[in-house]
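One structure is given here, and the rest of the page talks about it.
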Amino acid sequence: MDKASAGQPLILRIQAEIASVPQGQTCSYGAIATRAGAPGRARLVGKVLREAPAELGLPWHRIIRADGRPAFPPESEAWREQYRRLLNEGVELRQGKVPEHQRARTEDIDALLWRPSY
DNA sequence: GACATGACCGATG
DNA sequence: CCATCGGCCATGT
């Protein structure tokens, strides 16, 4: 978490982290929570996403579970929409899972990446 | 206050 | 691979 966001309310920091995931990449709920300064609070990320107003235009589809799968029930409407959006921006899905190379890990973050993969 | 329910997660068997 | 459990904790009944 950087200094600029350190004082912000947790919810806002989480929204900011979600917004910072570049297209073509995905990130887990847990990693977003950790990056926002709330390790172990993945469920809160889900809540924030669920309640975030659409006007914010958050890239909700880039947030997936730690096992690489979308969090919605398979074959549900939301699941399909997420799947569609991901494919649409170049994220692969093999057996319903996003491959490792398109998942941003918490470790990577502060140091290197946070730019579209290669 | 108890109890259940989440867009979750990691460890363990 | 699957199931269970303990962590996490806001919300609703």
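Every chain is numbered from 1, with letters handed out A, B, ... down the list of sequences.
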Between Arg41(A) (CZ) and dC8(C) (P), how many Å, whole number?
10 Å
For Lys97(A), does its backbone N or O pair with a side-chain atom of Arg69(A) as donor and acceptor, under 3.5 Å?
no
Taking atom P of dC9(C) as reference, at what distance in whole Å does atom CD1 of Ile11(A) sit?
13 Å
Report whether Leu87(A) and Trp60(A) are members of the same hydrophobic cluster (ILVMFWY, side-chain heavy atoms less than 4.5 Å apart, transitive linking).
yes
Over all atoms of both residues, closest heavy-atom pair of Gln82(A) and Ile63(A)
NE2-O, 3.1 Å
Tell me whether Arg80(A) contacts the main-chain N or O of Glu75(A) through its side chain, where contact means a donor paired with an acceptor under 3.5 Å.
yes
N/O donor-acceptor pair under 3.5 Å between Thr34(A) side chain and Gly30(A) backbone
yes
Does Arg85(A) reach the main-chain N or O of His61(A) with its side chain, forming a donor-acceptor pair under 3.5 Å?
no
All pairs passing side chain to side chain donor-acceptor pair (under 3.5 Å) where residues 50-59 of chain A contributes a residue, at least two apart
Lys47(A)-Glu51(A)
Sub-4.0 Å heavy-atom contacts from residues 56-67 of chain A onto DNA chain B, ordered by number
Trp60(A), Arg65(A), Ala66(A)
Rounded to the nearest Å, what distance is computed from the CD1 atom of residue Ile14(A) to the C1' atom of nucleotide dC8(B)?
12 Å
Between residues 74-90 of chain A and DNA chain B, which residues have a heavy-atom gap below 4.0 Å?
none
Both Glu51(A) and Ala42(A) contact DNA chain C. Which one's nearest nucleotide lies toward the 5' end?
Ala42(A)
Between dA7(B) and dG7(C), how many Å separate the two P atoms, rounded to a whole number?
22 Å
Give, for atom CD of Glu100(A) and atom CZ of Arg105(A), the distance between the pair rounded to the nearest 0.5 Å.
7.0 Å
Nucleotide N/O to protein N/O under 3.5 Å, stretch nucleotides 2-6 of chain B:
unit_1	atom_1	unit_2	atom_2	d
dG6(B)	N9	Arg43(A)	NH2	3.1
dG6(B)	N7	Arg43(A)	NH2	2.9

Are Leu49(A) and Leu10(A) linked, directly or through other ILVMFWY residues, by side chains that come within less than 4.5 angstrom of each other?
yes
Check whether Glu89(A) reaches the backbone of Gly24(A) with its side chain - one donor and one acceptor, N or O, closer than 3.5 Å.
yes
To check you understand the geometry: which heavy-atom pair defines the closest contact between Ala33(A) and Ala42(A), and what is its length?
CB-N, 3.9 Å
Can you check nucleotides 1-3 of chain C for protein contacts, nitrogen or oxygen pairs under 3.5 Å, and list what you find?
none

Please give, in whole Å, the distance from dC8(C) C1' to Ile32(A) CD1?
17 Å
What residues, two or more places apart in sequence or in another chain, satisfy salt bridge (Lys or Arg N to Asp or Glu O under 4.0 Å) together with Arg65(A)?
Asp67(A)
Determine whether Leu56(A) and Val48(A) fall in the same hydrophobic cluster, where Ile, Leu, Val, Met, Phe, Trp and Tyr are linked whenever their side-chain heavy atoms lie under 4.5 Å apart.
yes
